[in-house]
Amino acid sequence: MTPIRVLIVDDEVLVRSGLGLIVGSAPDLEVVGDCSGGQAEAKAAELRPHVVLLDIRMPDLDGISALRRLRALPDPPAVAMLTTFDTDEYIGTALRSGAAGFLLKDTAPEQLVHAVRVLAAGGSMLSPTVTRTVIGGYVEGGGPDTDATALTRSLTGRELDVLALLGEGLSNAEIADRLFLGTGTVKDHISAILGKLGAANRVQAAVVANRAGLVRNPQQPEA
């Protein structure tokens, strides 16, 4: 099996080393390089990683600028932003700029490894506290957002099923298993969903799913 290639971008050498040890401990993941923000674009073009773990706050080149350069590459990697703050004001900008994930630097090692795998498979990944921050910025009063609900009215029943699971952060393969579909079929559904919602990426679609009340709160029992 071809290992998942990971590039780590952070201005602190110790942070890069620590993340590298965690990611490199998984047999199916390979850390192909690490660098500071100013080197991210060149390193990604050279090393062609599947996933980039990118610090959002760096002195030489901020994470948002680095993210935009990475996403503009001919074959862009999936990018997860790393932060020490679950209320980072850049969360919304990062998601709108194409970030596929947003993780806290104190994420448990096993969760970090899982996140890399999900991102490489085409999924999105948000730390639980970050998810609450993102969704909290859109949903007021605890109920579904009428604008988001209106957006989803153009979706078919199956597309709504896929969108709900997308809102949980599942990868294509996980959605396929849950709905007993082929991964190619799921990919087609997601492409259609993004087009109908006017969403730039899966994370934006996941936000719509949550705003529209399609994703059940895991703390609440099913009706």
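Reckoned from all heavy atoms, side chains included, excluding hydrogens, waters and symmetry mates.
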*Step by step, would you call Lys187 with Ile190 a side-chain contact (heavy atoms from CB on, under 4.5 Å)?*
CA-CA 5 Å; Lys187 184 176 181 180; Ile190 291 175; 5.8 Å; no

_Using the rule given for side-chain contact (heavy atoms from CB on, under 4.5 Å), can you reason through Leu73 versus Glu41, listing the C-alpha separation, both sets of side-chain angles and the distance that settles it, and then say yes or no?_
CA-CA 8 Å; Leu73 291 171; Glu41 181 182 10; 4.1 Å; yes

*Identify the two heavy atoms, one from Leu70 and one from Pro76, that lie closest to each other, and give their separation to 0.1 Å.*
O-CB, 3.5 Å

_Side-chain heavy-atom pair Leu165, Leu163 within 4.5 angstrom cut-off_ = no

*Atom pair CZ (Arg16) and SG (Cys35), whose distance is rounded to the nearest 0.5 Å*: 7.0 Å

*Is the shortest distance from a Lys or Arg side-chain nitrogen in Asp10 or Lys105 to a carboxylate oxygen in the other one below 4.0 Å?*
yes

*Rounded to the nearest 0.5 Å, what separation is found between the CZ atom of Arg153 and the CG atom of Leu151?*
9.5 Å

*Ignoring hydrogens and geometry, is there a side-chain-to-backbone donor-acceptor pair from Arg71 to Pro77 under 3.5 Å?*
yes

_Closest contact, heavy atoms only, Lys196 versus Ser154_ = NZ-O, 3.3 Å

*Are any of the side-chain heavy atoms of Leu179 and Val186 separated by less than 4.5 Å?*
no

*asked:* Within this structure, what is the CD1-OG1 distance for the pair Ile22 and Thr107, rounded to the nearest 0.5 Å?
replied: 9.0 Å

*May I ask whether Leu21 and Leu29 are part of the same hydrophobic cluster, defined by side-chain heavy atoms of I, L, V, M, F, W, Y residues being less than 4.5 angstrom apart, directly or through others?*
no

*Examine Leu181 and Leu170 and state if one hydrophobic cluster contains both, with Ile, Leu, Val, Met, Phe, Trp and Tyr joined whenever side-chain heavy atoms are less than 4.5 Å apart.*
yes

*Only counting residues at least two apart or in another chain, list the ones meeting salt bridge (Lys or Arg N to Asp or Glu O under 4.0 Å) with Arg5.*
none

_Which atom of Gly167 lies closest to which atom of Asn210, heavy atoms considered_ = O-ND2, 3.4 Å

*In terms of hydrophobic clustering (I, L, V, M, F, W, Y; side-chain heavy atoms under 4.5 Å; direct or indirect links), are Leu61 and Val9 co-clustered?*
no

*Please examine the side chains of Val23 and Leu112, heavy atoms only from C-beta on, and report whether any two atoms are closer than 4.5 Å.*
yes

_Between Thr185 and Asp188, do the side chains contain a donor N or O and an acceptor N or O under 3.5 Å apart?_
no

*Are any non-hydrogen side-chain atoms of Arg68 and Ile64 less than 4.5 angstrom apart?*
yes

*If two hydrophobic side chains count as joined below 4.5 Å and joins carry through other members, does Leu194 share a cluster with Ile175?*
yes

*Can you name the nearest heavy-atom pair linking Leu119 to Gly101, along with the distance?*
CD2-N, 4.2 Å

*Do the side chains of Val15 and Val113 join up, straight or via other hydrophobic residues, at under 4.5 Å, putting them in one cluster?*
yes

*Would a 4.5 Å heavy-atom cut-off, applied to side chains only, mark Asp11 and Pro59 as touching?*
yes

*Where Glu30 and Pro3 come nearest, the two heavy atoms and their spacing*: OE1-CG, 3.5 Å

*Are any side-chain N or O atoms of Glu159 and backbone N or O atoms of Thr156, one a donor and one an acceptor, separated by less than 3.5 Å?*
yes

*Would you call Arg57-Asp62 a salt bridge at under 4.0 Å N-O?*
no

*asked:* So, taking the atom named CG in Asn172 and the one named NE2 in His189, what distance separates them when rounded to the nearest 0.5 Å?
replied: 11.5 Å

*First locate atom CG of Leu54, then atom CD1 of Ile56, and finally report the distance between them rounded to the nearest 0.5 Å.*
8.0 Å

_Pairwise distance CG(Leu103) to CE(Met81) - rounded to 0.5 angstrom_ = 10.5 Å

*Nearest non-hydrogen partners of Leu82 and Leu53, listed with the distance*: CD1-CB, 3.8 Å

